[in-house]
Each structure stands twice: as structure tokens, then as C-alpha cells.
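Take a look at the structure set out below.
Start at 1 and go down the list; that is how both ligands and their atoms are numbered.
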Amino acid sequence: MKIKINENFKNIKESYLFSDIAKRVNEYKKLNPNADIVRLGIGDVTLSLPKLVVEAMEHATLEMGSKDTFRGYPPEYGYDFLKEAIKSYYKRNGFDIDMDSIFVSDGAKSDLGNIVDILGNNEIYIQNPVYPVYLDSNVMSGRHINYLECNEANNFKPTPIGLDNEPKVIYLCSPNNPTGATFNYEELKAWVDYAYETGSLIIYDSAYEAFIKDGSPKSIYTFEKAKYCAIEISSLSKMAGFTGVRCGYTIIPTEIEASNMSLNKLWKRRQATKFNGVSYPVQRAAEAALSEEGMKENLKNIDLYFKNTKLICDLLDKKNIFYSGGKNSPYIWLKCPNNMKSFDFFDYLLKEAGVVGTPGVGFGTAGEGYFRLTSFASYEDTLKAVNRLEKLL
Ligand SMILES: *Cc1c(COP(=O)(O)O)cnc(C)c1O
């Protein structure tokens, strides 16, 4: 063909991480057909949905099957009943959010990837290591990327100290995937103050806020100034087990302006053009999940994951292995013992213990020498893996 393509796609690094992991596991299985492999690399929830969520979805589905209660296209920005539920969830956490600033989505990843549509050619700042969508969506749009290194010295939490005063777009994720690091009040305040003073925008991914236990900020709107300089993108995926159901939301305060335009209005225009909303049964399920009763059930599941986290953290403490995360997060980011590289440590755990994790270097250059374990496996599997690692490490 003779048409032109988006040449920026040539600059995206192919991620071979998960295919590389699968290849190594398969080779090991061929050599050891009876090996009992335990996976602690899972980045997806595994516990099933609470009953009241399933019932809400069932009820809504039945409504769709009856002439009187059938519904067609949903509103592009979400049904009011779900926006009310999101507003009320924030209110219970101590935040006042305007209905008009809430946009219901089919998950955080879509909005995190699509938000570049309404932004111009800004300097982009992202954490390294990083959840890949912030990086790749900006490379696809030809943006220039700057990295905020996350390392042992800064406890995997970059600060704005030393950055110039030019306006920029800054992606922050707390509690973080993959490092589990969580900004405390002062650390996050420093970023909001910096963004406010330099005319920068923070895109804040709070997909794991429901895992926060130690009083760290659950929302960027903890800080008054954030409503002039921050967008919050979140999801029911990890909080409520919605990875397969698909529902999230984005908050764009009506106060935010750039080039004399309201970002909220630009996003409305973008969504009305390219998005036709989230299905009615899913929005009813999300409403139930965010209710007080629903959140009780979600937190029960999160507590079950935390039991696994504790098994892993106790082992690492005992073995004096340095790690970040595990306190407000389902992720444990450990330093490979004896200065091993990420993939060498991966092979070592696989061969010697039949345990699979995720090599840190797969999340960026700053992840080399690190390794991600997760608490999403069953308690039995986590215990089995921990017992084997106890003997090995
Ligand atoms: C899992 C995850 C999300 C959620 O994505 P969905 O599209 O809502 O499933 C967002 N951000 C991070 C960092 C994640 O790990």
C-alpha cells in the first residue's frame, strides 16, 4: 500500500516481557514435566465478585430484556446514578467532587491512554520503572519523554526538587505499580505545589488507592490546589475485582484551564466524539460495588490479598532482602540478592523453586536488579512459594 502510517509507532519498544517469561516457563516445563510451578507474578485479581455486585448486574440485565425497562445508548459521561455513587464514595473518604467533573469509563487504561488526545506537544515526565501505558501512549503521539528515576535512594518516590520551572505533563501513580511505593502527604503535596506554581498538569493514577492502610493520601484532591492542576484517573479493577467487568472513572475538575480552554470541556468533546459509554449492567454493578455495603465486601477481598502480602514480606524481612511496597499495595518490589540481574534471578527462582515472578527490568531500565512479586495468587499457593523460597534464599 502507498498510504502513510503513524511513524511514531516505530519508536515504541516491543515488550517481550510476558512472552519471554512464558517461553522460559515452557522450556522449564519441558525439562521438568512434573514440576509444580507456583505463579507469584500475577498482575490481575483472582477473587470472585461480591454477591451484591453480581445481583445488581443480573437485575440490570433482566431490565434490558423487558420492553418497559429496556435502555439503549447510555450517556457518554456515565449515568447519574453511578456518578452519584462515585461522588458519595469520595465524600465518605473526605473529598467533595463535582458531578460535572466525573467521567465514567470502561477502565483506567483507556483514559490513561486517550488523555493525550486533548493535550498538545508538552514535555512528558514519567516514573521509571513504570506501568507501560503512560509511556507508550505518549510515544505513539510523538511526545518527548523525560524519566523520573525511582530507586533505593529516593524510596522509589521521585521528588520535583531539581526540575526546571517549565510547564510539563507529569504522570504519577500511587500506590505504585510495579514498586508499591506510596506517596505520603508531604511528598504528594510537593508535587501538587510544583505543578500549581509551574503551570504543569499532573495525571494521577489512583487505581490502588483502596489498598492504602497507613493514612497516605487516597486522592490527589487531598490538596486544594490540585483542582487547578491535576486529573485523577481510577478504576474498579483492583479495588472491586472488575478487571473482567471493565469500569473506571476519570475526574477532570471544571476549574482546570490551559490555553484559555477548560480541559473538562475538551474531554467532554473528545468522549462524545470517540466513546459511546459503558454498558448499563456494568454501571449498575459498579454502583453496587461503590456502595457502603459493596465497599465492605471489597475490603474483605483486599484483606485476603494482604494475608498473602504479609507472608511474602515476613519472609523477605527474615532473609534481610530489601524491598519496597507490600504495605499499601498488592505489589512487593524486591532487590535481587547478591546483585543478581532481574532475569538471572527469575531463572534462579524458576529452576530452584518452581516459583515465577516478574523481572523488574521489564518495567524500565531503572527496574534492572529488581523483581516484582504480587499477592494475587491464592493463600495456599503463596504459602507454598514462600516455604520453598525460605529454603532457597
Ligand atoms: C491495573 C491497573 C490499572 C487499571 O486498569 P483498568 O483498565 O482499569 O483495568 C490502572 N493503572 C495501573 C497502574 C494498574 O496497574
- [ ] Using atom types as modelled and distance alone, determine if a side-chain donor or acceptor of S235 lies under 3.5 Å from a backbone N or O of A207.
- [x] no
Task: Test log, rule ring-ring contact (aromatic ring centres under 6.0 Å, His included), inputs Y370 and F156 - done: CA-CA 12 Å; Y370 288 89; F156 303 93; 5.4 Å; yes
Open item on the list: Using the ring pair (Phe, Tyr, Trp, His ring centres under 6.0 Å) criterion, which residues pair with Y79? Sequence neighbours excluded.
Closed with: F81, Y280
- [ ] Establish, yes or no, whether the cationic atom of K238 lies under 6.0 Å from the six-membered ring centre of F211 and within 45° of the ring axis.
- [x] no
Open item on the list: Looking at K225 and D193, is any side-chain nitrogen of the basic one under 4.0 Å from a carboxylate oxygen of the acidic one?
Closed with: yes
Task: Smallest separation among heavy atoms of Y305 and T46, with atom names - done: OH-N, 2.9 Å
Open item on the list: Can you list every protein residue that has a heavy atom under 4.0 Å from any atom of ligand 1, sorted by chain and residue number?
Closed with: G107, A108, K109, Y131, Y134, C173, N177, D205, A207, Y208, S235, S237, K238, R246
